[in-house]
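Both backbone and side-chain heavy atoms feed into the values below; hydrogens, waters and symmetry mates do not. Counting starts at 1 for both ligands and their atoms, following the listed order.
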Amino acid sequence: MRVSGAGLRRALAQVCAPKGGWPPPRRARLCDWFDERGVFDEGLLTIFPGSRSYTGEPLAELSCHGNPVIVERLLAALVGAGARVAEPGEFTRRAFLNGRMDLTRAEAVLQAISAATPAGVELARAGLDGAVAALVDTLRDGLTDAIAELEARLDHPTEDLTFEDDGALVARLGALGSSTNAAAATFQAGRVLVDGATVALVGPVNAGKSSLFNALGGSTRALVSPKPGTTRDVVERRVVLDSVAVTLLDTAGERDGTDDLEAEGIALGRALTADADLLLVIIPAHAPARAAETLARTAGRPRLLVGNHADRPGAQARVDGQPMLMTCARTGEGVDALRAAIAEALVGEQPGGARLVIASQRQRDLLLEVAHAVEAGIEALTGDAGWAVAAEELYGALGRLDHLDGRDTREAVLDRLFSRFCIGK
Ligand SMILES: Nc1nc2c(ncn2[C@@H]2O[C@H](COP(=O)(O)OP(=O)(O)OP(=O)(O)O)[C@@H](O)[C@H]2O)c(=O)[nH]1
Ligand SMILES: [Mg+2]
């Protein structure tokens, strides 16, 4: 149990009898836990002074035995001694408010708690080590330099300033804008690493969706049969594909003129896969024309074209001129390559080779706003609007960066951010 705040010592004195006196800072000591009915357990107590604690306030960690009856009793004793139960994320919120960490690191704490894959944990670690904070600092430096230059021109308008000066500034701002955009674009992959992704198998009846679903999962989970229209419900399973956590969805095969129940199954499949991060369009390679409707319906969505039944005579490797990933669900051929292709599509190479750091929608939205303001600044410089307008835009970008790492922040933003934490973090 963690207890934090100014009244810590007073509360501890009412629940805790350390054996051999209060422990020195940050050293564990065995204590009796007691309430008004007497001693009920013993465990270790560690006290952290505010200067070196997680929250930046006096903080203690109390361990008791894990029986819920004991845990409840210690909690009740602490509440009786003046403490209250923490809100979700309140420890991290206090750490932020007391200047122990910036907002990007606070968000990394949330990632570290909820990451669904080892890569997600590494991403969170990078955030805790300040990867996002460093990015914000770099962008802030770049913007500040540019603003200083513009201010200098505004202050000394009569001095000779050549076209080259503006050109160099525009080029620098252009680079700044593209690296901001590249960082924002890493969000999709970051989110997948932390939260996991949903991948749905769609396509015409009998294409082998359920067979591939089983092969990707490594065991039989969905019914397979030569009868078209075998799958009706959406079948779901969690798998790890090349260390990416994926929820796989198998769906009813698509065809016209079926009975009501099958049509309902098809509609359900479409509804439940509408938000999937990636679609696997399973195409019978020996009869690719049967996939025409699915191909038209899923155009523009993130998808992989998979040519199954690769073993069948007449199997083709392309559909509508596009190459397919060839598989044979019966022998398992091509399934490993499909696994790798799915992982690559979800978290592969980032635009502009950017290092993957962004894992919150909030960070992404703010970065896009920064990029937008920088572009508006460039437009002002290259158009008629001039230096003052350009400077104004760049100040706007700077303001968004302050929201990003929390130099400037609103209560409502903090409420939303920390409500996603669990209690005790
Ligand atoms: N020869 C061959 N047969 C396959 C292959 N993949 C699946 N099959 C067979 O094709 C038939 C249909 O496979 P399913 O996996 O049930 O196909 P589906 O796409 O799930 O079909 P519906 O659920 O009806 O939409 C079964 O008899 C499978 O054994 C393959 O790559 N090669
Ligand atoms: Mg099926």
Side-chain angles (χ1 to χ4, degrees), residues 197-239 241 246-299 301-320 322-342 345:
T198 305
V199 175
L201 294 108
V202 298
V205 285
N206 259 358
K209 298 179 296 301
S210 301
S211 305
L212 280 172
F213 177 80
N214 290 336
L216 285 169
S219 64
T220 301
R221 168 81 177 70
L223 284 177
V224 165
S225 94
K227 226 178 112 199
T230 302
T231 305
R232 300 247 163 145
D233 274 321
V234 174
V235 189
E236 182 176 326
R237 83 190 299 182
R238 301 262 298 168
V239 296
L241 304 176
V246 166
T247 302
L248 266 188
L249 302 176
D250 184 23
T251 63
E254 302 184 39
R255 63 169 164 177
D256 294 331
T258 59
D259 64 63
D260 287 355
L261 194 59
E262 193 179 337
E264 255 180 69
I266 294 171
L268 183 69
R270 288 186 186 173
L272 292 183
T273 57
D275 296 329
D277 298 293
L278 180 68
L279 298 177
L280 306 182
V281 182
I282 312 300
I283 298 155
H286 59 297
R290 280 170 40 205
E293 198 179 315
T294 316
L295 282 170
R297 182 175 70 78
T298 58
R301 290 205 46 194
R303 65 181 189 181
L304 289 177
L305 306 183
V306 181
N308 190 41
H309 290 268
D311 56 315
R312 301 272 286 255
Q316 299 168 35
R318 304 177 84 84
V319 66
D320 290 349
Q322 300 173 72
M324 297 188 282
L325 262 149
M326 301 304 285
T327 59
C328 172
R330 218 169 232 177
T331 60
E333 219 176 306
V335 173
D336 280 343
L338 175 58
R339 236 182 235 122
I342 295 170

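In terms of heavy atoms, A252 sits closest to K209 at C-CE, 4.1 Å. Among all heavy-atom pairs drawn from E254 and R270, the shortest one is OE1-NH2, 2.7 Å. Taking both residues in full, the closest heavy atoms of L272 and L249 are given as O-CD1, 3.7 Å, listed atom of the first, atom of the second, then distance. For the residue pair R221 and V235, the shortest heavy atom distance occurs at NH1-CG1, 3.4 Å.
R237 and S219 share a donor-acceptor pair across their side chains, judged by distance under 3.5 Å alone.
Enumerated by chain and number, the residues approaching ligand 1 to less than 4.0 Å through a heavy atom are V205, N206, A207, G208, K209, S210, S211, V224, S225, P226, K227, P228, G229, T230, T231, G253, N308, H309, D311, R312, C328, A329, R330.
Distances under 2.8 Å from the Mg ion (ligand 2) pick out the protein N/O/S atoms S210 OG, T231 OG1.
Shown here is D259, whose CG atom has more than 12 heavy atoms of other residues, nucleotides or ligands within 6.0 Å.
Under a 4.0 Å N-O distance rule, the pair E262/K227 does not qualify as a salt bridge.
For residues 255-289, the pairs satisfying ring-ring contact (aromatic ring centres under 6.0 Å, His included) are H286-H309, with sequence neighbours left out.
Legend: residues meeting side-chain hydrogen bond (donor to acceptor under 3.5 Å, both in side chains) with R330, ordered by chain and number and at least two apart, are absent.
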